[in-house]
Colleague: 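One structure coming up, written as structure tokens, with questions to follow.
Each chain gets a letter, A, B and so on, in the order its sequence line appears, and its residues count up from 1.
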Amino acid sequence: MWKRVFKFFIFLYAPILVLSLLFFYLQKNNQIEQLTQIQERAAIQKKNLVVDLFSGIIHDINYWSNLNYPKNFDPNETHSRMMGPYMDLIEGTRDYDQFRYLDMEGKEFFRVEQLGRETIISDTLQDKSQREYVKAGLNLRPGDVYLSQIDLNKEFGVIEKPYKPVIRAVAPIFDIDGKKFGVVVINFKMNRILDQLKSSLINDNFYLLDSDSNIIATNTLEENLPSARIVLEGLDSLSIAKLPRKQFKIAQDTSFLHNKSLWTISHLDLNRQHSMVSPYSYDLLNIKTPTQWIIAMQIPEKDMFENLFPIYTGLLVFNFFAIINLFVIIYLVQRRRLQRAEFYKELETKNKRLAFKRNKLQEQNILISDINRRLEVRNNQLSEFNYVVSHNLKAPVTSMSVIVNMLKNEKEPGERTNLLLKLEKVSKSILDLTDDISEYISILDNKKIAVKNVDVNLVIEKVKHEFTETLLDNSNFNVIVKTDDWNQVSFSKFYLQSIIQNLMSNAIKYKRKDTNSFIHFETAYEDNKKVMYIRDNGLGIDLEKHGENLFGLYKRFHRNVSGKGMGLFLVKSQLEALDALISVKSEENIGTTFKITF
Amino acid sequence: MEKSNILLVDDDEIYLYLMEKSIQKLTDDLVVNSFTDGAQAIDFISDQVQKGRELPEIILLDINMPFLDGWGFLAEFKKLKPKLEQHINIYMISSSSREEDIKRAKSFEELTGYMIKPLKEDELTEIFKKAYNDSW
């Protein structure tokens with residue numbers, strides 16, 4: 001049964017599993033799609049935020065670039081007075097780390113630093129001509145603004161500690177004649193901006209990267225550590241290795257799955273993207289950068305799993321219940337099927353048993369009806385016997401007592417002799433009767449009868465020789481035997497002989513004188529029973545008149561023919577004693593046919 | 001007055017002898033005719049009818065007889081009856097007290113009575129009284 005249950009289970013569960021997986025896949029995709037949309041919106045928001053933040057920097061540098069600088073501008077000496085209010089401005093802007101003017105050779109000629117809360121005009125001026133931002137800045141034309149990489153600040157070639165991420169905004173400066181005489185460089189402190197960028201309402205990981213996929217800022221680290229070119233302490237190298245650097249090289253904004261994380265990358269183009277909320281506009285400026293910043297949003301594997309968890313759970317729960325339900329249902333169905341099969345089997349055996357019993361009952365019925373028939377026959381025999389005894393015995397006995405009475409009263413010798421003769425006659429008839437009765441009783445008591453297979457032909461042949469009429473060739477009485485259907489019957493040989501003797505004797509006694517007489521024995525089967533027809537062409541008898549008496553005791557129907565009326569009575573008794581039956585058909589002057597049914 | 005006729009039909013010759021004796025004891029006025037079977041009795045009656053002779057007033061009939069028994073006699077008598085001008089008292093006299101026989105006897109309206117053998121003297125007297133009324 002279990003094998004069958006499992007087979008059915010697999011058969012039914014497979015499509016359910018496939019469907020559920022398909023549904024799961026679609027749902028998962030849909031969920032990822034939704035997450036992607038959310039992430040894309042978040043990326044755009046971030047980008048807008050970056051643009052907003054950068055627009056302040058651009059505005060500032062542009063402001064300094066557009067000042068009307070005098071000829072031979074010297075902020076330290078000649079024009080220090082003029083710089084007074086501007087110094088206040090520099091001092092008031094907390095994001096400025098350094099404010100410098102560089103000449104066309106790339107050498108600083110004015111430098112303001114913010115050290116802690118103080119703003120100091122530094123007298124240690126440096127030659128920055130080799131720095132990339134200086135080289136790029138000196139090539140700027142009017143309307144150009146250069147934004148450097150966001151980098152950790154270096155002083156005299158050494159990274160300043162604590163780490164100070166900065167961006168350098170560079171713009172050309174011109175005197176009143178419009179002659180370019182140098183560049184203004186502002187180091188903006190990026191911590192505030194980057195922290196602002198990192199703060200987010202959603203849990204996604206946020207990365208700000210440069211075009212070389214160096215992480216500038218990420219909310220996965222507390223510190224802002226731009227430039228991975230520098231090996232930094234405490235930075236999990238693995239988390240960097242996991243970044244999908246290849247995809248970051250793609251110029252287009254895109255979303256993709258990488259190592260089970262959902263990523264959205266968005267490229268920042270300051271020339272094309274303009275802030276919507278910033279009060280400053282730099283539409284007319286040409287922003288130059290050595291790199292292209294990339295904003296990357298990541299839902300890490302763990303969060304992705306959490307996001308998809310309900311779907312996974314749904315799939316599992318659904319399948320779990322599907323399995324249990326299917327299993328239970330199949331089990332129940334199978335059990336019921338088995339039970340039904342068993343029930344049918346039981347029913348069948350019961351039916352068989354019933355049929356068997358019925359057959360047995362039928363057999364018994366047949367047996368009983370057979371016994372019943374025999375009992376009926378026996379009953380009739382007994383009642384016949386009773387009648388014979390009471391009737392045939394009563395008459396002579398009565399006569400006897402009457403005669404004896406008369407004898408007592410009779411004095412005359414002649415009459416007495418007469419009465420004695422009568423008495424003798426009566427006593428003889430009583431003796432005859434008792435002889436007949438004892439013969440009849442011996443027939444009724446069939447226990448003594450030996451039954452065996454008897455050859456009918458032999459019996460007939462033997463009986464035939466007992467009659468002179470059949471022995472003599474010239475007699476006109478023929479015995480014809482036709483035993484094609486059967487010639488053996490289980491019966492008493494002695495009875496059969498006696499029966500055939502009686503019937504043949506009758507046929508001879510009651511033959512018609514005017515014709516060639518015959519007796520014809522024929523065997524046949526009727527209703528699966530052996531029957532024998534004994535036909536003659538003798539005088540026949542009016543059965544309407546005598547029918548019921550034909551087989552009676554002491555019945556005689558033909559005058560002038562010897563016989564005491566015992567023959568057919570014995571025939572019938574002998575047949576019935578062995579459960580055979582006899583019937584008769586007869587027509588006067590045509591013949592008689594007896595039918596014996598064994 | 002002519003002597004009355006009585007017909008005895010029984011195959012028991014001793015019985016016939018004894019009956020004749022009993023009747024003779026009772027009266028000399030009766031002529032007794034005896035037959036040992038029904039066939040002879042019927043033959044006698046039809047012969048009497050044919051010849052226009054007198055018929056018996058009483059027939060005492062046995063049941064069991066060869067050739068034609070009591071029932072057979074009654075059946076044949078039924079056929080003759082339309083030709084008869086007088087009533088005949090037929091008594092079935094049998095040693096059989098079987099219910100079956102008594103019942104069957106009742107179905108014959110030709111029968112006057114059914115009596116069990118042997119007939120006693122007073123029974124015989126009763127039969128005669130009934131048949132001959134006042135003249136007995």
Colleague: Does CD in B:E110 sit with more than 12 non-hydrogen atoms of other residues, nucleotides or ligands closer than 6.0 Å?
Modeller: yes
Colleague: Any residues in residues 417-428 of chain A near chain B, with a heavy-atom distance under 4.5 Å, and which are they?
Modeller: A:N418, A:L419, A:K422, A:K425, A:V426
Colleague: Report, by ascending residue number, the residues of residues 580-598 of chain A in heavy-atom contact with chain B at a distance under 4.5 Å; give 'none' if the set is empty.
Modeller: none
Colleague: Using non-hydrogen atoms only, which part of B:D69 is less than 4.5 Å away from chain A: side chain, backbone, both, or neither?
Modeller: side chain
Colleague: Applying a criterion of heavy atom separation less than 4.5 Å, what residues of residues 398-414 of chain A form contacts with chain B?
Modeller: A:T398, A:S399, A:V402, A:I403, A:M406, A:E410
Colleague: Heavy-atom distance under 4.5 Å to chain A: side chain of B:D11, backbone, both or neither?
Modeller: neither
Colleague: Sequence neighbours excluded, which residues qualify as side-chain contact (heavy atoms from CB on, under 4.5 Å) partners of B:S22?
Modeller: B:L124
Colleague: Chain A heavy atoms under 4.5 Å from B:Q40: which part of the residue, side chain, backbone, both or neither?
Modeller: both
Colleague: More than 12 foreign heavy atoms under 6.0 Å from CD of B:E85: is that the case here?
Modeller: no
